[in-house]
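First the proteins, then the strands, lettered A, B, ... as listed; each starts at 1. Because the structure is a prediction, the values reported are computed rather than measured.
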Amino acid sequence: MPELPEVQTVINGLQDTLKNGVITSIECNYPGTVIYDPELGDEPFPSAVKAYERRGKYIIIHLENAHSIIVHLRMTGKLVWSTVGEETSKHQRACILVGDHHKIPFIDPRTFGKITICLTANVGSYVTKLGAEPLSPEFTADYLLQKLSRKKSPIKTALLDQSTVAGLGNIYVCEILYRAKIRPDRDSAGIRLPKLREVVKHTKAVLAEALANNGTSISDFRRIDDKTGEFQNFLRVYQKKSCPLDHPIENLRIAGRSSFYCPVCQK
DNA sequence: CAATGATCCTGTCCGC
DNA sequence: TGCGGACAGGATCATT
């Protein structure tokens with residue numbers, strides 16, 4: 001499940017491999033995976049990469065010719081830097097062709113991932129309703145208090161909502177709430193400022209640690225060279241039987257999502 | 001307007 | 001060994 005650290009890891013990989021290379025075309029191998037904005041101007045390819053950007057879980061590749069490519073990996077998507085001629089995965093849903101000799105297949109068994117091609121000026125219309133970037137100075141306890149004070153949903157659900165904070169998914173929210181010692185089913189609005197400071201502190205810490213470890217590979221996530229990340233080795237509650245203090249972990253279903261937590265450590 | 005539930009989809013795992 | 005069913009879940013859409 002690619003979340004912020006995994007998405008950033010993919011972008012870091014693109015910066016090391018694709019760099020400012022020329023994208024010659026993007027082929028679509030599964031209906032609906034590649035979306036062309038109706039306002040698209042001229043033929044967007046070929047064009048060299050100008051810059052990379054991440055917003056929440058979106059990978060944004062800006063091209064020199066004022067077009068942009070927005071990639072969302074959803075649950076099982078991955079991009080793998082490859083050489084033309086390498087065999088094609090049966091789960092390849094699209095393919096970014098680079099120069100004359102390279103390709104970046106978009107492999108996504110569950111087919112939820114999307115690649116959108118649009119004018120750079122229109123990127124905002126696809127990357128909408130996103131809250132603050134959790135690693136930015138904008139993400140503070142005061143910011144969270146303002147976002148959560150009127151919410152009726154549990155804290156777990158509120159943190160998964162991309163309009164609260166952009167880039168968190170199920171794994172990291174479980175880990176953050178464990179570190180902040182908050183039960184996932186607690187009422188968002190009832191959490192006071194000192195606790196929210198803990199949430200903010202641990203959010204930034206967990207994401208930074210995961211980033212330093214190239215993300216979490218629970219199932220499908222892979223780096224651009226198809227290697228796994230390493231942060232799965234440091235998870236404390238997600239899919240665990242017991243927490244680091246040896247208390248049994250429970251799994252609560254909240255808003256249809258599994259929520260791993262320690263009933264002893266989290267109140 | 002906000003919260004909830006269904007939906008998309010396939011590989012994997014479990015029980016019988 | 002095989003089969004049916006539950007499960008995994010990010011974002012979007014429809015419904016309450």
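Side chains of A:Y52 and A:Q8: a donor-acceptor N/O pair is absent below 3.5 angstrom, by distance only.
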Q. Which parts of nucleotides 4-10 of chain B does protein reach within less than 4.0 Å, heavy atoms only, written one letter per nucleotide 5' to 3' as B for base, S for sugar-phosphate only and - for none?
A. ----BBB
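A 4.0 Å heavy-atom criterion places the boundary nucleotides of DNA chain C facing chain A at C:dA8 to C:dT12, written 5' to 3'.
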Show me the side-chain donor-acceptor pairs of residues 244-258 of chain A shorter than 3.5 Å, one per line, residues at least two apart or across chains.
residue, atom, partner, partner atom, Å
A:E250, OE1, A:Y261, OH, 3.3
A:N251, OD1, A:S259, N, 3.0
A:R253, NH2, A:G256, O, 2.9

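Annotation: salt bridge (charged side-chain N to carboxylate O under 4.0 Å, His left out) contacts involving residues 131-140 of chain A, sequence neighbours excluded, comprise A:R54-A:E133, A:R55-A:E133. The stretch residues 158-182 of chain A participates, sequence neighbours left out, in these salt bridge (charged side-chain N to carboxylate O under 4.0 Å, His left out) pairs: A:K151-A:D161, A:R179-A:E209. Among residue pairs with one or both ends in residues 88-111 of chain A, those qualifying as ring-ring contact (aromatic ring centres under 6.0 Å, His included) are A:W81-A:H102; sequence neighbours excluded. Sorted by first and then second residue, the salt bridge (charged side-chain N to carboxylate O under 4.0 Å, His left out) pairs involving residues 105-117 of chain A (not counting sequence neighbours) form an empty list. Within the structure, the salt bridge (charged side-chain N to carboxylate O under 4.0 Å, His left out) test picks out the following pairs touching residues 225-242 of chain A (sequence neighbours left out): A:K78-A:D226, A:R223-A:E230, A:D225-A:K227.
In terms of position on DNA chain C, the residue among A:K57 and A:Q239 whose nearest nucleotide sits closer to the 5' end is A:Q239.
Under a 4.0 Å N-O distance rule, the pair A:E198/A:K201 qualifies as a salt bridge.
Distance, A:K129 NZ to B:dA2 C1': 13 Å, rounded to whole Å.
Using five terminal pairs a side, the axes of the helix from B:dA2-C:dT16 to B:dC16-C:dG2 at its two ends make an angle of 50°, given in steps of 10 degrees.
Scanning for salt bridge (charged side-chain N to carboxylate O under 4.0 Å, His left out) contacts around A:D187 gives an empty result, with sequence neighbours left out. Taking A:Y238 as the reference, A:F260 meet the ring-ring contact (aromatic ring centres under 6.0 Å, His included) condition, with sequence neighbours excluded.
The shortest distance between the side-chain N/O atoms of A:K151 and the OP1/OP2 oxygens of B:dA3 is below 4.0 Å.
Hydrophobic cluster of A:V123: the remaining members, joined at side-chain heavy-atom separations below 4.5 Å, are A:Y58, A:I60, A:I70, A:Y126, A:V127, A:L130, listed by chain and number.
Note on A:T76: nothing from the nucleic acid sits closer than 4.0 angstrom, heavy atoms only. Counting any heavy atom pair closer than 4.0 Å across all strands shown, A:Y172 reaches no nucleic acid atom.
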